[in-house]
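Have a look at the structure below, then the notes.
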Amino acid sequence: MITVNNVYKSFGKNEVLKGISLNVEKGEKLALIGPSGSGKSTLLRCLNLLEEIKYGEVWLDGKLLTPVDPYLHFDVIEKSNTFKKVCAELAQAGTPESEIREKAILKIKKEDLLKPFEGREYRAAVKKIFKENYLNINLARRCMGMVFQQFNLFNNMNVLNNMIYAPVKLKIMTKAQAEEKAAALLKRIGLPDKADAFPSSLSGGQKQRIAIARSLMMNPEVMLFDEPTSALDPEMVGEVLALIKELADEGMTMVIVTHEMGFAREVATRVLFMDGGNILEEGAPEKIFTQPQNERLKDFLSKVL
């Protein structure tokens with residue numbers, strides 16, 4: 001469903017993601033764990049382009065969400081002026097003809113030699129891939145619900161209007177249809193009497209449940225959760241985790257950044273441990289939590305469990 005290929009992301013000189021690649025299959029529940037600053041939330045935000053990546057590509061259901069990264073397409077590299085120049089240099093240096101192509105591509109990738117303008121053939125190849133595969137991110141975001149740490153509800157709107165705003169604005173539903181669906185969702189999350197309430201009158205747990213329900217208004221194929229309980233008082237955590245677990249049990253595809261290790265162990269089908277902008281270990285929850293192989297993961301778990 002979601003494919004991440006060699007994604008790099010930097011903030012100034014701080015390289016936050018260092019060549020991340022992963023696949024999220026339909027129905028999978030992927031938990032991202034790791035220390036603060038490891039790149040988990042940045043990776044999640046890169047999935048729906050709330051953060052612009054430096055290199056790499058993100059795909060959703062076989063459609064490209066990001067610009068084409070020529071370094072991931074050897075047939076594109078081969079059409080560049082730089083490729084022709086490097087091949088000529090290697091040939092002149094006596095490199096066997098059978099090795100020139102591979103060595104030229106490796107040198108170009110390793111030394112980041114491609115320029116913005118690499119000739120007409122190169123430009124045409126990039127445009128072809130983009131035209132055949134690109135999906136506008138605004139359309140993609142209809143398929144991906146995002147739940148943030150700080151709820152991100154509109155404080156000047158009541159709960160009902162928070163929930164119906166996007167589907168009505170985007171003309172996915174009529175106002176009447178949206179109101180009917182919102183009422184059903186509010187009943188489902190145990191807050192049927194909060195339609196007219198404003199966010200300022202709600203508890204943190206109520207706000208987060210409503211934020212989840214608001215995302216469900218768009219009938220998403222995948223839900224992205226960015227530490228959904230980190231801003232909650234301890235007694236409110238359980239009600240939010242219970243709702244997420246209910247969605248997981250119904251088969252919703254999920255990517256969850258969380259510090260709740262017990263929850264990750266119970267709900268996730270796969271756990272991915274990150275540190276320093278890299279994926280250091282991944283696997284089934286039982287393997288990650290009972291038989292960790294990476295020393296950094298062992299140290300992390302010894303402090304949080």
Nearest atoms (heavy-atom pairs only) where [X] meets [Y]:
X      : Y      : value
Asp275 : Ser38  : CA-CB, 3.6 Å
Gln293 : Gln291 : NE2-O, 2.8 Å
Leu49  : Arg141 : O-NH2, 3.2 Å
Met144 : Ile2   : SD-CD1, 4.4 Å
Gly27  : Thr253 : N-OG1, 2.6 Å
Leu72  : Asn6   : CD2-CB, 3.9 Å

Roughly how far, to the nearest 0.5 Å, is [atom2] of [Y] from [atom1] of [X]?
X      : Y      : atom1 : atom2 : result
Glu239 : Ile189 : CD    : CD1   : 9.5 Å
Leu60  : Leu135 : CG    : CG    : 6.5 Å
Leu106 : Glu111 : CG    : CD    : 9.0 Å
Lys79  : Lys128 : NZ    : NZ    : 9.0 Å
Thr3   : Asn23  : OG1   : CG    : 4.0 Å
Gln208 : Met236 : CD    : CE    : 12.0 Å

Practice task
Evaluate the side chain to side chain donor-acceptor pair (under 3.5 Å) criterion for residues Tyr71 and Asp112: first the C-alpha distance (whole Å), next the side-chain angles of each, then the deciding distance (0.1 Å), finally the verdict.
Solution key: CA-CA 9 Å; Tyr71 287 107; Asp112 189 14; 2.5 Å; yes
When you measure from the side chain of [X] to the backbone N and O of [Y], does any donor-acceptor pair fall under 3.5 Å?
X      : Y      : answer
Asn133 : Ile129 : yes
Arg265 : Pro285 : no
Glu89  : Val86  : no
Asp69  : Glu57  : no
Thr66  : Val58  : yes
Ser215 : Met146 : yes
Lys40  : Pro35  : yes
Glu118 : Thr82  : yes
Glu281 : Asn294 : yes
Gln206 : Ser203 : yes

Heavy atoms of other groups near [X] [atom1], more than 12 under 6.0 Å:
X      : atom1 : answer
Glu246 : CD    : yes
Glu235 : CD    : yes
Gln92  : CD    : no
Lys107 : NZ    : no

Practice task
Just do the side-chain contact (heavy atoms from CB on, under 4.5 Å) check on Phe198 and Asn155 with the steps written out, would you?
Solution key: CA-CA 7 Å; Phe198 282 80; Asn155 290 320; over 6 Å; no
Hey, quick one: are [X] and [Y] part of the same hydrophobic cluster, counting side-chain heavy atoms closer than 4.5 Å, chains of contacts allowed?
X      : Y      : value
Leu185 : Phe154 : no
Leu114 : Phe117 : no
Ile256 : Leu30  : no
Val147 : Val237 : yes
Val159 : Met157 : no

Exercise for the section: Decide salt bridge (Lys or Arg N to Asp or Glu O under 4.0 Å) for Lys298 and Glu295; before the verdict, give the C-alpha distance in whole Å, the side-chain angles of both, and the deciding distance to 0.1 Å. Expected result: CA-CA 5 Å; Lys298 292 178 183 179; Glu295 292 300 321; 3.3 Å; yes
Exercise for the section: Could you give me the CA-CA distance, side-chain angles and deciding distance for Phe148 and Arg45, then say whether side-chain contact (heavy atoms from CB on, under 4.5 Å) is met? Expected result: CA-CA 10 Å; Phe148 301 88; Arg45 292 171 67 85; 3.8 Å; yes
Problem - For Phe273, ring-ring contact (aromatic ring centres under 6.0 Å, His included) partners two or more places apart - result: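 ring-ring contact (aromatic ring centres under 6.0 Å, His included) list for Phe273, sorted by chain: Phe300.
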Is there a side-chain contact between [X] and [Y] (heavy atoms, below 4.5 Å)?
X      : Y      : result
Leu232 : Val240 : yes
Phe74  : Lys109 : yes
Ile279 : Leu22  : yes
Ser41  : Gln149 : yes
Val271 : Lys287 : no
Leu301 : Phe289 : yes
Leu17  : Cys46  : yes
Arg209 : Phe151 : no

Problem - Distance-only side-chain donor-acceptor flag, Thr258 / Glu227, under 3.5 Å - result: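 There is no such pair (donor and acceptor under 3.5 Å, judged by atom type) between the side chains of Thr258 and Glu227.
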Exercise for the section: Indicate whether the side chain of Asn219 and that of Lys181 have a donor and an acceptor atom separated by less than 3.5 Å. Expected result: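 Side-chain D/A pair, Asn219 to Lys181: present.
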Practice task
Apply side-chain contact (heavy atoms from CB on, under 4.5 Å) to the pair Met274 and Leu43, showing each step before the final yes or no.
Solution key: CA-CA 10 Å; Met274 292 184 66; Leu43 173 58; 3.8 Å; yes
Handout entry: Step-by-step side chain to side chain donor-acceptor pair (under 3.5 Å) determination, Ser21 to Asn5
Key = CA-CA 5 Å; Ser21 295; Asn5 287 334; 4.9 Å; no
Handout entry: Lys9 charged N/C atom sitting above Phe11 aromatic ring, 6.0 Å / 45°
Key =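 Positive - Lys9 is close enough to the ring of Phe11 and near enough to its axis.
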Handout entry: Verdict with supporting geometry, Ile210 and Ile212, side-chain contact (heavy atoms from CB on, under 4.5 Å)
Key = CA-CA 5 Å; Ile210 288 166; Ile212 294 171; over 6 Å; no
Handout entry: Intermediate values then yes/no, salt bridge (Lys or Arg N to Asp or Glu O under 4.0 Å), Lys84 and Glu121
Key = CA-CA 12 Å; Lys84 297 165 188 173; Glu121 276 190 286; 3.3 Å; yes
Problem - Among Arg188, Lys29, Lys245, salt bridge (Lys or Arg N to Asp or Glu O under 4.0 Å) partner for Glu250 - result: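 Checked Arg188, Lys29, Lys245 against Glu250; only one passes salt bridge (Lys or Arg N to Asp or Glu O under 4.0 Å): Arg188.
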